[in-house]
Number of protein chains: 2
Amino acid sequence: MARPRTFDEDGALDAAMRTFWEKGYEATSTQDLCDATGLGRSSIYNTFKSKHDLFERALSRYIDSMTTSQLAVMEDTRLSAAERLRTLFAMVVDAETAHRTGGRGPGCLTVNTTVELVARDPQAADMLERDTRRRLTALRAVLEEGQRDGSITSPRDAGALARFVNAAIAGMRISSQGGADRAALESIADITLDALTG
Amino acid sequence: MARPRTFDEDGALDAAMRTFWEKGYEATSTQDLCDATGLGRSSIYNTFKSKHDLFERALSRYIDSMTTSQLAVMEDTRLSAAERLRTLFAMVVDAETAHRTGGRGPGCLTVNTTVELVARDPQAADMLERDTRRRLTALRAVLEEGQRDGSITSPRDAGALARFVNAAIAGMRISSQGGADRAALESIADITLDALTG
DNA sequence: TTCATTATGGATTGATCAGTTCAAAACTCG
DNA sequence: CGAGTTTTGAACTGATCAATCCATAATGAA
């Protein structure tokens with residue numbers, strides 16, 4: 001019936017996501033998005049309503065893939081609660097040290113967007129808030145389970161421990177952007193676990 | 001010899017700092033800076049070489065005032081090491097909850113700049129790196145002292161503990177921007193101290 | 001007062017911004 | 001093949017960006 005697309009929408013979304021991730025929303029121009037995706041402006045604006053719409057979809061994709069893989073670990077019943085958290089931290093350390101070109105990496109798009117946009121972009125704030133709730137809920141469940149099975153010895157409220165773990169992960173990501181190397185991140189993770197098991 | 005200035009340079013710097021703090025570097029236009037300082041473009045460009053130069057001076061001012069007041073606490077010999085850290089965390093909680101208008105606050109300019117600019121602004125990266133070193137050095141000294149006086153019971157390397165505390169503070173600031181309230185931040189601080197004293 | 005010097009406001013620069021328009025190209029279906 | 005529909009590339013739009021220019025105002029020193 002009509003001319004078909006010659007590009008993969010998900011591929012374009014991935015390329016856009018990486019660009020927003022590396023440069024941030026404001027610093028990414030539509031030309032940058034054309035370059036990164038290999039598409040012309042018409043194709044981008046024909047497929048996505050606007051730069052902001054494209055950003056929302058890229059952020060959604062990032063959040064989905066990130067949180068999905070993290071929740072999978074949290075719900076892995078083969079491991080004790082403490083082991084799951086250890087695995088979660090290892091994933092964070094790996095992610096932070098993997099994406100590095102040269103000295104530093106781009107950190108985490110969720111954290112970056114919280115800093116850059118949460119105060120003046122209601123849609124982004126909403127997505128981030130929903131994701132935070134989801135992550136905190138899963139963390140709390142794991143921590144409660146750990147308190148029952150004895151692998152988490154801290155008597156603190158599991159909800160408070162969940163917020164602590166979530167903050168620790170964000171702190172590791174900021175530290176990574178600030179130049180901390182793998183060993184430094186690993187020791188931060190170890191000490192974070194001390195608070196739960198020590 | 002010549003016409004004198006009718007404005008206070010430090011006041012202008014403060015106003016610019018607040019604007020960069022709230023909106024970030026990229027999202028702050030030179031017009032925003034004129035509005036915030038009450039100055040005309042000519043006065044700004046006559047006093048500061050460029051938007052970037054003004055930003056550097058604003059960031060330097062922020063770092064100076066922030067780190068100076070924090071180091072003062074760290075070196076307060078009237079308090080035990082653990083008490084100093086408790087005070088430090090209280091300062092962070094207060095700062096995060098004080099600057100709030102409505103729901104969220106602007107976080108911390110140091111963390112915000114790390115996220116936004118450290119990857120592509122060598123001068124900013126340099127200032128932040130220097131500040132991080134200074135803060136880590138002071139933290140390590142406090143933690144070593146605590147290990148000697150017994151108020152810090154963790155046997156971990158003091159340098160690693162310093163990086164952990166630094167990451168925890170950054171994590172609290174991100175959590176605050178993400179919507180965490182005062183009680184949540186306080187409990188994160190408490191649990192962070194568990195890792196050092198538990 | 002007069003001269004030298006700096007501060008200031010407003011107009012202006014060229015570049016870049018996000019987004020639109022339009023004609024030509026490319027495809028499907030009849 | 002040809003009608004109908006969508007994609008695509010390139011030119012283009014008005015707005016805004018950081019930064020400059022210039023004429024005028026305001027000051028201190030002589």
Side-chain angles (χ1 to χ4, degrees), chain A residues 1-60 112-113 116-117 120-124, chain B residues 1-60 109 112-113 116-117 119-124:
Chain A
M1 208 59 159
R3 180 176 176 179
R5 279 200 185 132
T6 57
F7 67 90
D8 172 38
E9 191 169 315
D10 280 351
L13 216 42
D14 261 348
M17 186 195 77
R18 275 193 301 272
T19 309
F20 285 127
W21 190 0
E22 283 162 17
K23 309 186 61 165
Y25 178 75
E26 298 284 352
T28 298
S29 69
T30 52
Q31 187 56 51
D32 290 332
L33 294 167
C34 290
D35 295 345
T37 59
L39 303 180
R41 315 175 78 68
S42 299
S43 298
I44 287 186
Y45 278 92
N46 191 39
T47 310
F48 311 99
K49 290 191 322 205
S50 62
K51 177 188 171 183
H52 189 268
D53 178 67
L54 175 52
F55 175 75
E56 278 182 60
R57 294 183 55 178
L59 177 60
S60 172
N112 297 0
T113 303
E116 186 183 4
L117 292 180
R120 61 206 159 83
D121 185 331
Q123 284 107 314
Chain B
M1 209 59 159
R3 180 178 176 178
R5 273 190 193 143
T6 58
F7 67 91
D8 172 38
E9 191 169 317
D10 280 351
L13 215 43
D14 261 348
M17 185 196 77
R18 276 193 301 272
T19 309
F20 285 127
W21 191 358
E22 283 162 17
K23 309 185 61 165
Y25 178 75
E26 297 284 352
T28 297
S29 69
T30 52
Q31 187 57 52
D32 291 332
L33 294 167
C34 291
D35 295 346
T37 58
L39 303 180
R41 316 175 77 68
S42 298
S43 298
I44 287 185
Y45 277 92
N46 191 39
T47 309
F48 311 100
K49 290 190 322 204
S50 62
K51 176 188 173 184
H52 189 267
D53 178 67
L54 175 51
F55 176 75
E56 278 183 61
R57 294 183 53 178
L59 177 60
S60 172
L109 183 58
N112 296 0
T113 303
E116 186 184 3
L117 292 181
R120 60 206 160 81
D121 184 332
Q123 284 108 314

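Every chain is numbered from 1, with letters handed out A, B, ... down the list of sequences.
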Exercise for the section: Could you pick out which residue, Arg5(A) or Thr28(B), lies toward the 5' side of DNA chain D when each is mapped onto its nearest nucleotide? Expected result: Arg5(A)

Problem - Helical bend (five base pairs per end, nearest 10°) for the helix from dT1(C)-dA30(D) to dG30(C)-dC1(D) - result: 10°

Handout entry: Heavy-atom side-chain contact between Asp14(A) and Thr37(A) under 4.5 Å
Key = no

Exercise for the section: Any chance you could list the contact pattern along nucleotides 22-30 of chain D? Use B for base contacts, S for sugar-phosphate-only contacts and - for none, protein heavy atoms under 4.0 Å, 5' to 3'. Expected result: ---BBBSS-

Exercise for the section: Could you tell me whether Phe48(B) contacts a base, only the sugar-phosphate backbone, or nothing, with contacts defined as non-hydrogen atoms closer than 4.0 Å? Expected result: nothing

Exercise for the section: Please check if the side chain of Ser43(B) supplies one atom and the backbone of Leu39(B) the other of a donor-acceptor pair under 3.5 Å. Expected result: no

Exercise for the section: Please state whether the base of dA10(D) and the side chain of Arg41(A) form at least one donor-acceptor pair under 3.5 Å? Expected result: no

Exercise for the section: Please report the closest heavy-atom contact between Leu54(A) and Leu13(A), naming both atoms and the distance. Expected result: CD1-CD1, 3.5 Å

Practice task
Output yes when Glu9(B) and Arg5(B) qualify as a salt bridge under the 4.0 Å nitrogen-oxygen rule, no when they do not.
Solution key: yes

Exercise for the section: In whole angstrom, give the distance that lies between atom CG of Asp53(B) and atom P of dA18(D). Expected result: 15 Å

Problem - Asp53(B) side-chain N/O to Ser50(B) backbone N/O, donor-acceptor pair under 3.5 Å - result: no

Problem - Tyr25(B) and Phe20(B) aromatic ring geometry - parallel, tilted or perpendicular at 30°/60° bounds - result: parallel

Handout entry: Touch class at under 4.0 angstrom, heavy-atom based, for Thr30(B) against every strand present
Key = base

Exercise for the section: May I have the distance from Tyr45(A) (atom OH) to dA11(D) (atom P), rounded to whole angstrom? Expected result: 18 Å

Exercise for the section: Run the numbers on Glu22(B) and Thr19(B) for side-chain contact (heavy atoms from CB on, under 4.5 Å), then give the verdict. Expected result: CA-CA 5 Å; Glu22(B) 283 162 17; Thr19(B) 309; 5.8 Å; no

Fill in the blank from the handout: The residue among Thr113(B), Leu109(B), Thr28(B) that forms side chain to side chain contact (heavy atoms under 4.5 Å, CB included) with Trp21(B) is Leu109(B)

Completion exercise
To the nearest angstrom, the CD-C1' distance between Gln31(A) and dG9(D) comes to 12 Å

Exercise for the section: Please work out if Thr47(B) contacts a base, only the sugar-phosphate, or nothing of the nucleic acid, heavy-atom cut-off 4.0 Å. Expected result: nothing

Handout entry: Met17(A) vs Arg57(A), side-chain contact (heavy atoms from CB on, under 4.5 Å): CA-CA, chis, key distance, verdict
Key = CA-CA 9 Å; Met17(A) 186 195 77; Arg57(A) 294 183 55 178; over 6 Å; no

Problem - Rounded distance (Å) that lies between atom P of dA10(D) and atom CG of Asn46(A) - result: 16 Å

Practice task
Name the residue closer to the 5' end of DNA chain D, choosing between Leu39(A) and Tyr25(B) according to the nucleotide with the nearest heavy atom.
Solution key: Leu39(A)

Practice task
Verify, without hydrogens or angle tests, whether Gln123(A) (side chain) and Glu56(A) (backbone) share a donor-acceptor contact under 3.5 angstrom.
Solution key: no

Problem - Length of the NZ-C1' vector between Lys51(B) and dT20(D), whole Å - result: 17 Å

Practice task
May I ask you to test the Arg41(B)-Gln31(B) pair for a side-chain heavy-atom distance under 4.5 Å?
Solution key: yes

Problem - Covered region of DNA chain C, 5' end to 3' end, by chain B [heavy atoms, under 4.0 Å] - result: dA4(C) to dA11(C)

